[in-house]
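The block underneath contains the structure these notes are about, expressed in structure tokens.
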Amino acid sequence: LAQAQATAQKAIVRSMLAASRYTMACRRSLCAWYARAILLGACASAGIADVPEAFSTKLRCPFAKVWLKHGPHRAAEMLGLGVPHSYGTGRRLDETIWGTCTYTNPFAGGDTCMELHGASWTDDTAAERCANAMGSVAGTLAKDGRCTISSETAGWCSTAGGSEMTHTVLSNSASTCEAAASACVTWSQGIFVVAGQCAEEDDRQGNISDAVQSDDWSGFSGGETPACSIAPGPIGAAHQLAQSPGYSINCNNTPAQQSPYMWPLRWTANVEAKSLGYQTDEVQYESRGRVWYMLDKNWKRFDTWYERGVQRAIGQSPCEKDNVDTSSTAALACNRSGSANSTMLHRGSKMVFIDWAQDGTISNCTWLDMGPIGNIRPDWFMDNRGASTSVQYLGNSHVYYLGEPRLVKQWRKKDFANQYFTMSMQANPGPDGTHWPLILNVPGEGFGDDFLQHYYGHRHLEESEADAFLLDEIFVASGGSCPQSASSGTDGPPTGQAEHVPSNLEVEEVSWREIVYTASPVWTPPEVEPSSMETGSQRGSVEVTAGVHVDTCWDAQVGSVRIAMRLSLATPAWAAIAFRETEECLMTPRGGGDGEVVFAQPDNDGNYAMSFGALPPSLKVFNADATSEFEDGLTPIVDAEGFDNSLASYSNGHLVIGFARSYDTKPSALHLTMASGIDAKVSYHSTRECFEVTDIPECSALACLACPACDASLASEQNGEQADVTMSSSDTRTQEDVTMSSS
């Protein structure tokens, strides 16, 4: 039973030899198998978007259907991501401050102070906001007041576009600057601005963002957000970070750097789209318009002048009763024919919706805060950056385009819903030397019909045409009004509670291979290591995502599957393995009911407790009662029926958890989900991945005859630190302590 540092190769080899000698003396218990798991550790509150009805059909970017239904902040929350924090200056905005709202935080305990910034606040809007300061918790208003700065001040959590600045302190639940920043990002989808102690630490360390930063928001390093930054989590698979000033054809260290096949940065084209129902070639809905991009500014404009047919989708805007298609089996089918002209603008985190009157003037204008979601990045279809995604380069193919054959280069891009886009780029450039986007096939992503769109009439844009993206500002400057759309509600994601809309573009395992090719003259693809299927040496093992590995085997003698997970965690935080009934990546079963989860949670000293219990749908809601109900329903795993022999060990930035679960027969496959938090408190996950284990191998016939519980430690040759592992069991025999050194 060994724990060693991944960089200490000699220690690893010696530990393996020691474990081998030890397990040869045993015959059948779980100790030997858990030794392998430990050695593995050594070796390696926003809501629904108030989108104007006329625009719900025009939002076609990847993942648009998710934030359309729930709002961009809630969509970010649903997809397991947050908004980057801002480090560096540690100052509050020098602007008009209405006053403060002080309330009791039901999660962290104690009073929390929030400053209301900006000239837009009135006595009425401030009172309305403070009446629901945190969920249903009401606060106390103090006009012209300021939050008190103390020696525990860590910084400010900026939300609602900077109009709400919440004073953040270092506490037992967030004892470090990194934890305070993560809490702001994960819980509030805010931007964390350092102050007080964290400003001092920032000065000493240069910038503490690296300790919190992950691949979820690649390229963000504090202070001003650099160009080429991508959005967090799954949204980063296709989108820029909203706070980024824009993209470049020469983004350093990106797979598509200088590729001639990425989208042009500045261009416009006509676009026609047609949606297709599942297992039919009949067009359900179609639209026509023109799209404009200045991606080097993180800007987009989309004009629509034609819509016909029935839109079938979950999360679409309200449908007039007379327009509802009752013959459809979809959750909502609405006849959208006869819409008026409209324009959508997207600049950074601001999305504007404009309706046009018959005389060509603006009849209505509103805007929506998109949080972290920026515009599409021009290389989105060529690489596998972001979370829950993959890419497959298909090569050249002849297609019919506008009735004529055309040679295209094609890529397929997988999304979080396990469906894929297909992008067809012009292979042979025309007189202008550009490889234009020609055809894009988009899946419904579980919320609606698939659609196919093509672009034509392309041309490059000039800087002099920038005003075309600023229609709202010009309108307001001339005396018009363009207010921000309100958001409401705190509901969780619809997945599992609404009928899944099937797609014709579901990933088929037999046909999918990840192939990252960008034609970049700069980037060198990493060498591809043989997969476990090719080597045959890793049956039952899954590399779930970077820093997360799961190992399984079947113990035929006792009829149980042993499961161990190793994951990288900067500090002790909760972690979980959930059991799914189907391949669908859902938190809880479709149609209702609870899921099942093994939950590992550390105490203040970093010692973990393992539990098993129900995973209720109510936990999707940001609600203290739901959290308490979940925790109260957990049973210590040693007392849980069907479970035996558990372990939990945290050391040197790695957590290893393991347990055995009984089955009547060996499962042909296990559908599992792993998740981990930012700290010990139950909260929205910072990491979440669905995965499947098949072809589970037989466990080795090795055992410790009298070792129902083990407490083992190994002194590291490098630093002398010890890693303690505790295995608990429902067996009541006397616990034995086994100590094994690396020698």
Side-chain angles (χ1 to χ4, degrees), residues 30 33-34 36-37 40 387-390 414-420 446 495-496 500 502-503 505-514 530-545 548-567 575-591 593-599 612-615 637 640-646 657-676 685 687-700:
L30 298 174
W33 184 82
Y34 281 130
R36 181 187 176 204
L40 183 65
S388 301
T389 189
S390 183
K414 184 169 76 72
D415 68 358
F416 70 97
N418 208 39
Q419 300 174 11
Y420 62 87
T495 51
H500 177 74
S503 170
L505 304 176
E506 303 276 356
V507 170
E508 297 176 88
E509 184 177 354
V510 69
S511 69
W512 189 270
R513 301 290 184 275
E514 178 164 287
S531 69
S532 59
M533 290 183 65
E534 293 169 342
T535 62
S537 60
Q538 297 294 321
R539 291 176 57 214
S541 296
V542 178
E543 193 72 29
V544 179
T545 187
V548 180
H549 190 100
V550 173
D551 221 17
T552 64
C553 74
W554 169 250
D555 188 338
Q557 297 191 47
V558 297
S560 65
V561 175
R562 306 175 190 169
I563 301 174
M565 177 173 69
R566 172 191 179 271
L567 63 159
I577 295 178
F579 295 82
R580 307 193 320 273
E581 297 175 352
T582 68
E583 294 180 355
E584 285 189 285
C585 187
L586 303 176
M587 176 178 169
T588 56
R590 181 171 300 284
D594 297 337
E596 295 181 327
V597 65
V598 171
F599 192 75
F612 172 76
L615 188 62
I637 200 166
E641 184 177 355
F643 286 86
D644 198 6
N645 297 285
S646 64
I657 62 175
F659 56 89
R661 185 172 193 180
S662 300
Y663 291 88
D664 293 335
T665 59
K666 176 182 174 181
S668 60
L670 290 177
H671 307 295
L672 305 173
T673 303
M674 68 74 51
S676 61
H685 40 70
T687 300
R688 176 184 179 270
E689 294 288 344
C690 296
F691 62 100
E692 182 179 90
V693 179
T694 59
D695 193 21
I696 302 173
E698 298 285 332
C699 300
S700 301

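Just so you know, residue 1 is the first one in the sequence shown, and it goes up from there.
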**Q.** Val550 vs Met674, side-chain contact (heavy atoms from CB on, under 4.5 Å): CA-CA, chis, key distance, verdict
**A.** CA-CA 9 Å; Val550 173; Met674 68 74 51; 5.6 Å; no
Q. Run the side-chain contact (heavy atoms from CB on, under 4.5 Å) check on Val544 and Leu672 step by step: do they pass?
A. CA-CA 10 Å; Val544 179; Leu672 305 173; over 6 Å; no
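Every residue two or more places apart in sequence or in another chain that forms a side chain to side chain donor-acceptor pair (under 3.5 Å) with Thr673 is listed here: Arg580. Residues that satisfy the side-chain contact (heavy atoms from CB on, under 4.5 Å) test with Thr582, not counting sequence neighbours, are Glu584. Residues that satisfy the side-chain contact (heavy atoms from CB on, under 4.5 Å) test with Asp695, not counting sequence neighbours, are Arg539. Considering only residues two or more places apart in sequence or on other chains, Arg661 meets the side-chain contact (heavy atoms from CB on, under 4.5 Å) condition with Phe579, Glu596, Phe612, Phe643, Tyr663. Residues forming a side chain to side chain donor-acceptor pair (under 3.5 Å) with Glu698 (at least two apart in sequence, or on another chain): none. Judged as a ring-ring contact (aromatic ring centres under 6.0 Å, His included), and not counting sequence neighbours, Phe691 has no contacts. Residues forming a side-chain contact (heavy atoms from CB on, under 4.5 Å) with Glu543 (at least two apart in sequence, or on another chain): His549.
The two atoms that bring Leu567 and Ser676 nearest to each other are CD1-CB, 3.8 Å, heavy atoms only. Taking all atoms of both residues into account, the shortest heavy-atom contact from Met587 to Arg688 is N-NH2, 3.7 Å. In terms of heavy atoms, Leu505 sits closest to Ser503 at N-OG, 2.9 Å. Heavy atoms only, all atoms of each residue included: Ile637 and Ser646 are closest at CG2-OG, 3.2 Å. Trp512 and Ser390 get closest at one heavy-atom pair: NE1-OG, 3.1 Å. Contact detail for Gly593 and Pro589: the closest heavy-atom pair is O-CD, 3.5 Å.
We find the CG-CD distance between Asn418 and Glu509 to be 9.0 Å, quoted to the nearest 0.5 Å. Atom OG1 of Thr552 and atom CD1 of Ile696 lie 5.0 Å apart (nearest 0.5 Å). For the atom pair Thr665 OG1 and Trp554 CH2, the distance stands at 6.5 Å (nearest 0.5 Å). For the atom pair CD of Glu689 and SG of Cys585, the computed distance is 8.0 Å after rounding to the nearest 0.5 Å. Separation of atoms SG (Cys690) and NE2 (His671) is listed at 11.0 Å; rounding is to 0.5 Å.
Within 6.0 Å of CD on Glu514 lie more than 12 heavy atoms contributed by other residues, nucleotides or ligands.
With contacts defined as side-chain heavy-atom distances shorter than 4.5 Å, the pair Val598/Ile657 does not qualify.
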